[in-house]
Amino acid sequence: MLRVDAGGAVDALPELDAGALPAAVAALEAAESPHWVWADARRWYPGLLGAGVRIGRAHDLRLCAAILAGSAAAELARRVHPPAPAWVSAPRGGAERVPAAAALFELDGEAPAERAPDEPATAARVFTEFGRQQAIVRDSAAPGALRLLLAAESVGGLIGVEMESAGLPWDPGLHERVLEEALGPRPAHGGKPERMAELAAEVRTALEQPGVNLDSQADLLRALQRAGIAVATTRRWELREHEHPAIEPLIAYKKLSRLLTANGWAWLAEWVQGGRFRPEYVPGGAATGRWATNGGGALQLPKQVRRALVADPGWRLVVADAAQLEPRVLSAIARDPAMAAAGRGRDFYAGLVDRGVVEHRDAAKVAILGALYGATSGESGRLVPRLARAYPRAMAHVDTAAREGERGGVVTTFLGRSSPSPSAGWRALQSAASQPGASAADERRARSSARDWGRFTRNFVVQGSAAEWALCWMGELRKRLMAMDAGAPSARADASGPAFAGVPHLVFFLHDEIIVHSPAELADEVAGHVRESAAEAGRLLFGDFPVEFPLDLAIVESYDQAG
DNA sequence: CGTGACGGCGCC
DNA sequence: AAAGGGCGCCGTCACG
């Protein structure tokens with residue numbers, strides 16, 4: 001770990017054994033709130049939190065290297081400031097040389113096997129890489145935006161570790177009640193839950209095929225077709241189109257099967273301990289900058305089981321989501337004042353109806369989603385042209401991104417995260433189709449894959465910029481919540497660990513939604529900070545452009561009471 | 001036995 | 001003619 005003091009001087013924390021580190025960090029944090037620099041929050045921060053030590057700011061070299069390696073705004077600066085050899089993996093099979101962030105961090109104490117004898121020590125290499133990243137930002141085409149992006153990404157790295165450490169308060173008894181109400185009593189080892197077995201029997205009887213295995217897609221599809229149900233897949237939406245006594249119990253069976261396999265008793269046993277659900281968050285895990293998770297399916301918690309997400313006694317959940325975040329972000333990044341005005345002081349979709357762009361709120365939603373995702377058919381495709389007439393700048397913005405993708409180019413978010421280049425296979429398909437004598441089938445395939453990639457880049461600029469807004473929102477909120485720490489009351493939530501006992505803290509983040517676990521008497525104050533942070537994030541990104549980011553916010557004891 | 005592709009479906 | 005973005009995880013199935 002390095003620390004940067006108020007004057008910008010960088011030095012290394014002396015080598016300390018793991019036991020002495022937290023106290024040393026805590027003392028420096030209290031004395032001077034340094035800007036820490038580390039290779040990877042995941043490597044250092046869990047141990048600090050376990051010892052009750054939180055830090056304010058840390059530059060995360062791993063997350064920032066990934067952004068800078070791809071950002072179009074840093075393309076020239078990257079050539080001027082190439083990675084030090086130790087950051088670059090050996091060429092493999094003629095592949096291009098790529099920054100090997102992971103390799104550096106393995107050297108950070110764990111896997112010295114591949115380290116050359118003359119390589120500098122870890123602290124010096126962290127120092128070198130930090131300097132390189134600063135130089136790239138300074139010499140980039142957008143230093144201000146990139147600086148903000150790297151700061152936001154880094155704070156995301158802190159928050160991800162903090163949320164895993166604190167855990168999401170989860171009541172296993174309530175979860176079991178949900179399971180028993182839906183599935184029946186917990187089956188003995190290996191057995192099917194009662195309700196599922198009953199439904200399966202109904203389906204087999206209705207199909208007159210006693211041997212069919214409903215869990216086998218191939219078997220089930222054949223059985224449906226033999227029974228005269230003309231389906232090409234076993235997807236729910238397609239099944240729903242057909243009239244047959246087997247359909248209703250089959251859909252019910254699939255619903256229960258999903259609950260059992262994804263969030264059933266096995267999930268509970270594996271993921272909930274001591275009243276906390278602790279998934280591993282992966283900030284920046286998606287190409288667009290959205291987060292991912294490893295294990296537990298934390299970003300796909302079905303509404304059905306959200307009853308089990310409950311605050312500790314004496315605590316509350318402050319649940320907030322940004323209403324219609326993506327169209328608002330689009331209006332801002334495209335600087336479309338008319339579109340921004342539709343969302344000011346009101347529900348964005350209602351704004352579209354008021355302005356006569358579409359007739360109903362539902363139509364507004366479908367039209368907007370169509371514009372963001374590149375729909376061209378169906379109701380959505382029919383409505384998009386109306387949107388284009390009302391908000392030409394916004395539509396031009398996403399259309400330009402789509403065209404860039406269709407020709408194999410890269411697009412970039414508001415703060416400077418760039419999309420990946422299409423694969424070699426994609427490019428080969430395009431160039432094959434452009435050769436004289438290419439078959440009609442090749443041309444069709446190439447056009448189709450070009451449009452696929454265009455839809456990706458169209459969505460990328462909006463989804464990625466929205467992810468940046470959300471990071472800024474959370475970062476600002478975290479800062480405010482940490483400042484509340486000083487006056488923390490006596491109410492504790494010890495299951496959250498020593499770093500979070502008694503103080504409000506983030507416990508969940510889902511793209512445009514956050515949950516803060518807070519002592520009940522502080523919940524109103526927390527809610528104020530959540531709202532002010534959203535406004536602050538808007539100003540930080542878009543200055544005085546008149547776009548608003550209203551929240552749906554609720555202070556509840558149980559997640560299912562929100563929204 | 002493990003691995004990877006696929007269908008399907010949960011969330012935004 | 002068809003034309004919806006991003007994920008993770010489950011079970012099944014083919015394969016080595």
Side-chain angles (χ1 to χ4, degrees), chain A residues 192 213-221 231-239 250-251 253-264 266-267 270-271 279-306 321-327 329-330 365-384 398 401-402 405-406 411 413 417 419-420 440-441 443-445 447-467 470 508-514 559 563:
Chain A
K192 274 255 158 75
N213 173 10
L214 302 192
D215 298 327
S216 163
Q217 188 266 349
D219 202 18
L220 175 60
L221 185 58
V231 286
T233 73
T234 64
R235 285 176 212 148
R236 188 183 313 162
W237 64 263
E238 191 178 351
L239 292 173
L250 176 56
I251 289 174
Y253 176 90
K254 286 161 84 72
K255 178 93 184 151
L256 293 185
S257 172
R258 168 77 190 189
L259 174 63
L260 174 70
T261 58
N263 296 100
W267 181 90
E270 183 177 356
W271 290 103
E280 177 192 336
Y281 295 90
V282 186
T288 55
R290 274 189 173 183
W291 289 22
T293 56
N294 273 333
L299 304 187
Q300 302 117 256
L301 286 175
K303 295 209 155 61
Q304 229 175 341
V305 304
R306 293 182 176 188
D321 74 276
Q324 305 110 25
L325 176 60
E326 292 192 348
V329 164
L330 173 57
K365 193 169 180 174
V366 166
I368 287 288
L369 292 178
L372 298 181
Y373 296 161
T376 53
S377 72
E379 195 194 355
S380 185
R382 280 199 303 281
L383 291 168
V384 167
V398 287
E406 285 174 15
V411 298
T413 61
R417 191 189 307 260
S419 62
E443 287 172 4
R444 203 164 45 240
R445 267 196 298 276
R447 263 200 307 279
S448 164
S449 76
R451 287 187 188 142
D452 286 348
W453 199 255
R455 280 192 298 277
F456 167 58
T457 53
R458 168 191 296 272
N459 186 252
F460 184 96
V461 293
V462 181
Q463 189 186 114
S465 301
F508 192 58
F509 169 50
L510 180 54
H511 310 320
D512 60 0
E513 174 174 1
I514 53 110
Y559 190 27

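Every chain is numbered from 1 and lettered A, B, ... according to where its sequence line falls, protein lines coming before strand lines.
One atom, CD of A:Gln300, and another, C1' of C:dC10, lie 11 Å apart when rounded to the nearest Å. The separation between A:Lys303 atom NZ and B:dG10 atom C1' is 10 Å, rounded to whole Å. With rounding to whole Å, A:Leu220 atom CG is found 15 Å from B:dC6 atom C1'. Rounded to whole Å, atom P of C:dG8 lies 13 Å from atom CH2 of A:Trp271. Rounded to whole Å, atom C1' of B:dC12 lies 8 Å from atom CD of A:Glu326. To the nearest angstrom, P of C:dC7 lies 15 Å from CZ of A:Phe509. Atom pair A:Ile368:CD1 and C:dG4:C1' shows a separation of 15 Å (rounding to whole Å applied). For the pair A:Trp291 CH2 and B:dC11 C1', the computed distance is 16 Å after rounding to whole Å.
A donor-acceptor contact shorter than 3.5 Å is absent between the side chain of A:Gln463 and the backbone of A:Thr288. Side-chain atoms of A:Trp267 never come within 3.5 Å of backbone atoms of A:Thr261 as a donor-acceptor pair (strictly under, hydrogens ignored). Without hydrogens or angle criteria, A:Asp219 side chain to A:Asn213 main chain gives a donor-acceptor distance under 3.5 Å. The main-chain N or O of A:Gly295 is never found under 3.5 Å from a side-chain atom of A:Glu280 such that the two would form a donor-acceptor pair. The closest donor-acceptor contact from the side chain of A:Ser465 to the backbone of A:Val461 lies under 3.5 Å. Panel note: side chain A:Arg290, backbone A:Ala467; no donor-acceptor pair is recorded below 3.5 Å.
Among the protein residues, A:Ser380 comes within range of no part of the nucleic acid, since none of its heavy atoms lies under 4.0 Å from any strand. Among the atoms of the strands shown, only primed sugar atoms or phosphate atoms (P, OP1, OP2) are found under 4.0 Å from some heavy atom of A:Arg306. In this structure, A:Arg236 reaches the sugar-phosphate backbone alone: every heavy-atom distance under 4.0 Å involves primed, P, OP1 or OP2 atoms, never a base. Residue-level contact check: A:Ser257 touches neither bases nor backbone, having no heavy atom under 4.0 Å from any strand. Using a 4.0 Å heavy-atom criterion, one finds that A:Gly381 contacts no nucleic acid atom at all. Residue-level contact check: A:Leu510 touches the backbone only, with heavy atoms under 4.0 Å from sugar-phosphate atoms and none from bases. Looking at heavy-atom distances under 4.0 Å, A:Asn263 makes no contact with the nucleic acid at all. Within the nucleic acid shown, A:Gly285 has no heavy atom closer than 4.0 Å to any nucleic acid atom.
Contacts with DNA chain B (heavy atom under 4.0 Å) in residues 450-463 of chain A: none are found.
Rounded to a whole angstrom, the distance from the C1' atom of B:dC9 to that of C:dG4 is 16 Å. Rounded to whole Å, the C1' atom of B:dG8 lies 22 Å from the corresponding atom of C:dA2.
The minimum heavy-atom distance between A:Ala371 and A:Val384, with the atom names listed, is N-CG2, 3.8 Å.
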For this session: For nucleotides 11-16 of chain C, just jot down a letter per nucleotide in 5' to 3' order: B, S or -, based on protein non-hydrogen atoms under 4.0 Å.
Result: SSS---
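Which of C:dC9, B:dC9, B:dC12 sits closest to the side chain of A:His511 comes down to B:dC12.
Checking the phosphate oxygens (OP1, OP2) of B:dG8, no side-chain nitrogen or oxygen of A:Lys255 falls inside 4.0 Å. For A:Thr293 and C:dG8, the shortest distance from a side-chain N or O to OP1 or OP2 is not below 4.0 Å.
A donor-acceptor contact under 3.5 angstrom links the side-chain atoms of A:Arg290 to the base of B:dC12.
Between A:Tyr373 and C:dG5, a base-stacking contact is recorded: ring centres under 5.5 Å apart, planes less than 30° from parallel.
At a threshold of 4.5 Å between non-hydrogen side-chain atoms, the residues A:Tyr373 and A:Val462 do not count as touching. With contacts defined as side-chain heavy-atom distances shorter than 4.5 Å, the pair A:Gln304/A:Lys255 qualifies. Residues A:Leu220 and A:Leu250 have side chains in contact (heavy-atom distance under 4.5 Å, counting atoms from C-beta outward). Residues A:Thr234 and A:Lys254 are in side-chain contact: their nearest non-hydrogen atoms beyond the backbone lie under 4.5 Å apart.
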